[in-house]
Every structure is written in structure tokens, then in C-alpha cells.
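First the proteins, then the strands, lettered A, B, ... as listed; each starts at 1.
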There are 2 protein chains.
Amino acid sequence: MFNAVAEPRRREILDLLMEGERPVGDIVERLELGQPQVSKHLKVLREVGLVDAREDGRMRVYRLNGRGLKPIHDWVSNYERTWSERFDALDVVLDELKDKEARDERP
Amino acid sequence: MFNAVAEPRRREILDLLMEGERPVGDIVERLELGQPQVSKHLKVLREVGLVDAREDGRMRVYRLNGRGLKPIHDWVSNYERTWSERFDALDVVLDELKDKEARDERP
DNA sequence: TTGACACATTCCCATATGGGTATATATTGT
DNA sequence: ACAATATATACCCATATGGGAATGTGTCAA
């Protein structure tokens with residue numbers, strides 16, 4: 001899944017979908033990439049759960065599923081303290097509290 | 001650079017280096033991977049600035065440079081709000097403050 | 001039903017990449 | 001100087017992957 005995001009065009013697709021759901025055609029236009037290529041990238045993103053598709057007539061509307069990026073966020077966050085000196089003991093505690101709250105609210 | 005981190009073994013190397021600097025031999029042992037392979041992975045990580053090397057006699061001691069992961073962290077953080085409902089307006093303000101402080105301290 | 005449209009899938013090709021093996025380079029110890 | 005050690009590099013091979021072109025599938029409109 002790190003792999004899915006390692007592709008520049010796929011990151012562009014995700015960035016685009018952050019604006020809102022989009023049919024394939026729109027993505028093809030914006031990325032200036034062939035339609036089959038976009039479909040293939042979307043397939044990869046679908047397989048790792050980073051996007052969902054909704055059928056609307058003869059078009060498929062793709063929607064971002066940002067939660068799929070949480071594993072990456074979690075992994076990278078472990079390294080945050082190596083560059084952010086502000087990420088000291090207090091910050092760690094606060095972040096853990098924030099995480100705990102989030103878990104309690106949506107178990 | 002996303003690419004460098006997309007490789008599982010390279011992430012293992014980074015995770016290992018989080019414990020502290022290590023010569024190549026130690027990494028080879030821990031990863032149970034060939035020495036040339038480890039050297040090649042380290043080369044990739046060096047080229048994207050995720051690790052630094054220090055010469056110590058006939059061995060090269062590699063050290064983590066976590067700051068190189070900041071771009072990834074920044075990119076993924078844009079998506080955090082899509083899965084964390086606690087990431088509301090107040091949190092955004094607080095995080096921006098934290099960023100600002102960090103910039104002021106290390107410009 | 002037929003044709004146009006939106007998208008997915010297939011096939012082909014060029015390139016990149018990771019592992020394995022062998023070898024080169026540099027440094028230490030004797 | 002020589003052998004051993006630590007690491008880097010070169011070469012080979014199998015596989016994965018992205019783009020391009022062609023084709024398949026399902027849907028709407030007339």
C-alpha cells in the first residue's frame with residue numbers, strides 16, 4: 001500500500017479526489033493521461049482501499065477513502081520526533097491522549 | 001523518495017536505524033539479507049537523504065536522518081482529517097501553531 | 001435495435017528493480 | 001607485503017510496472 005502511493009500519478013489522483021468525488025473522465029482530463037492508464041491506477045487504489053467507486057449511470061464516480069492512509073501516517077509519525085524538536089515528551093502525551101479519545105469515540 | 005520508503009526491506013532498515021547508528025554488517029545480520037543487497041538499499045536511502053554514512057575504520061556506520069521523511073509526513077497529514085474526526089478546526093489551529101513555533105526556532 | 005458514450009480489460013513493449021553471485025576497493029593486523 | 005575483514009560495485013536474471021493501442025462491456029438516447 002505504500003507502493004500504491006509511491007506512484008506520482010496515483011498521488012495526483014488522490015490529491016484530485018480530495019476536492020471531491022470525480023468520474024474517471026474528469027480525472028483523465030486533469031491528469032492529461034490516457035483513460036486506460038487512469039483506470040488501471042484507480043484499480044490499484046481500489047485494491048488497497050484508498051478509493052471507493054460508486055456507479056452513476058454509465059459512469060463510475062470515484063471517492064477518496066483517506067483512512068487507508070492511516071498506516072502510512074502511523075509509520076511516519078514514529079519518525080517525527082527525529083526532526084521536530086517540539087515533539088518532546090509533552091507532545092507525545094498529548095498525541096496519545098488524542099489517539100485515545102479518537103478510539104473511544106469510534107471503536 | 002516515496003519510492004525509497006515503498007520497499008519493505010528499506011523500511012526495515014530505517015526502523016532498525018531508529019535504535020541508533022549501525023554498521024552495514026549489523027544490518028545484514030538483523031535483516032537476514034545478503035550484504036550486497038543491504039548495501040544497495042543503503043545506497044538508495046542515501047541518495048534520497050534518509051540516511052547518512054560515517055566512516056569508522058574499515059566499516060561504514062549508517063545513521064538515520066528522519067527529517068527526510070517530513071515531505072511524506074506533510075503529504076499524508078493533508079489527508080488526516082478525512083479519517084480523524086477529532087481533527088477538527090481547533091486541532092488544525094493548534095497544529096499550525098506548533099508548526100509555526102518549530103519554524104521560528106529552527107529557521 | 002442501433003449507435004454513441006464511459007469505462008474496464010487485454011496485450012505488447014520498454015524500463016526499473018530486487019535478489020544472487022562474483023569481484024573490486026579500502027583498511028586493519030601480522 | 002600479505003591475509004583477512006568490511007563494504008561497494010558490476011553483472012546477470014526474473015519479475016513487476018507504467019504507458020500505448022486495441023478491444024470488450026455495460027448504459028443511455030433516439
- Query: Between A:Gly34 and B:Arg46, who's closer to the 5' end of DNA chain D by nearest nucleotide?
  - Reply: B:Arg46

- C:dA6 phosphate, OP1 or OP2: any side-chain N/O from A:Tyr62 under 4.0 angstrom? no

- Mark yes or no for a side-chain to base donor-acceptor pair under 3.5 Å between B:Gln35 and D:dA8, with no hydrogen or angle criteria applied. yes

- Task: Could you check how far CD1 of A:Ile13 sits from P of C:dC7, rounded to whole Å?
- Result: 13 Å

- Task: Could you work out which one of D:dA8, C:dG18, C:dG20 sits closest to the side chain of B:Arg10?
- Result: C:dG18

- Roughly how far, to the nearest 0.5 Å, is the CG atom of B:Leu64 from the CD1 atom of B:Ile13? 11.5 Å

- Message: Nearest whole Å is fine: how far is D:dA6 P from B:Arg54 CZ?
- Response: 16 Å

- Grab the CG-P distance between A:Leu31 and D:dG18 for me, whole Å please. 14 Å

- Query: Whole-Å distance between D:dT27 P and A:Met59 CE?
  - Reply: 14 Å

- Distance-only donor-acceptor test, B:Lys40 side-chain atoms vs C:dG19 base atoms, 3.5 Å: yes

- Does B:His41 put a side-chain nitrogen or oxygen below 4.0 Å from OP1 or OP2 of C:dT17? no

- For B:Glu47, check side chain to side chain contact (heavy atoms under 4.5 Å, CB included) against everything at least two apart and list the hits. B:Lys43

- Nearest-nucleotide comparison on DNA chain D, the residue closer to the 5′ end among A:Val44 and A:Gly57: A:Val44

- Mind calculating the distance between NZ (A:Lys43) and C1' (C:dT9) to the nearest angstrom? 7 Å

- Message: Which nucleotide wins on minimum distance to the side chain of A:Val24, given the candidates C:dT10, C:dG19, C:dC7?
- Response: C:dC7

- Query: Can you tell me if the side-chain N/O atoms of B:Arg58 get under 4.0 Å from OP1 or OP2 in C:dT25?
  - Reply: no

- Rounded interatomic separation in angstrom, taking CG from A:Asp56 and C1' from D:dG26: 14 Å

- From D:dC11, D:dG18, D:dG19, nucleotide with atom closest to A:Glu7 side chain: D:dG18

- Query: D:dA8 P sits how many Å from B:Leu42 CG, rounded?
  - Reply: 7 Å

- Task: Indicate the atoms forming the closest heavy-atom contact of A:Asn78 with B:Met18, along with that distance.
- Result: O-SD, 3.7 Å

- Query: Have B:Asn65 and A:Trp83 got a donor and an acceptor in their side chains that come within less than 3.5 Å?
  - Reply: no

- Query: Within 45° of the axis and under 6.0 Å from the centre of the six-membered ring of A:Tyr62, does NZ or CZ of A:Arg54 qualify?
  - Reply: no

- Side-chain N,O (B:Arg60) to OP1/OP2 (C:dA26) below 4.0 Å: no

- Query: Of the nucleotides D:dA10, D:dT7, C:dC7, which has the atom closest to the B:Pro36 side chain?
  - Reply: D:dA10

- Rounded to whole angstroms, how far apart are CD on B:Glu32 and P on C:dG19? 14 Å

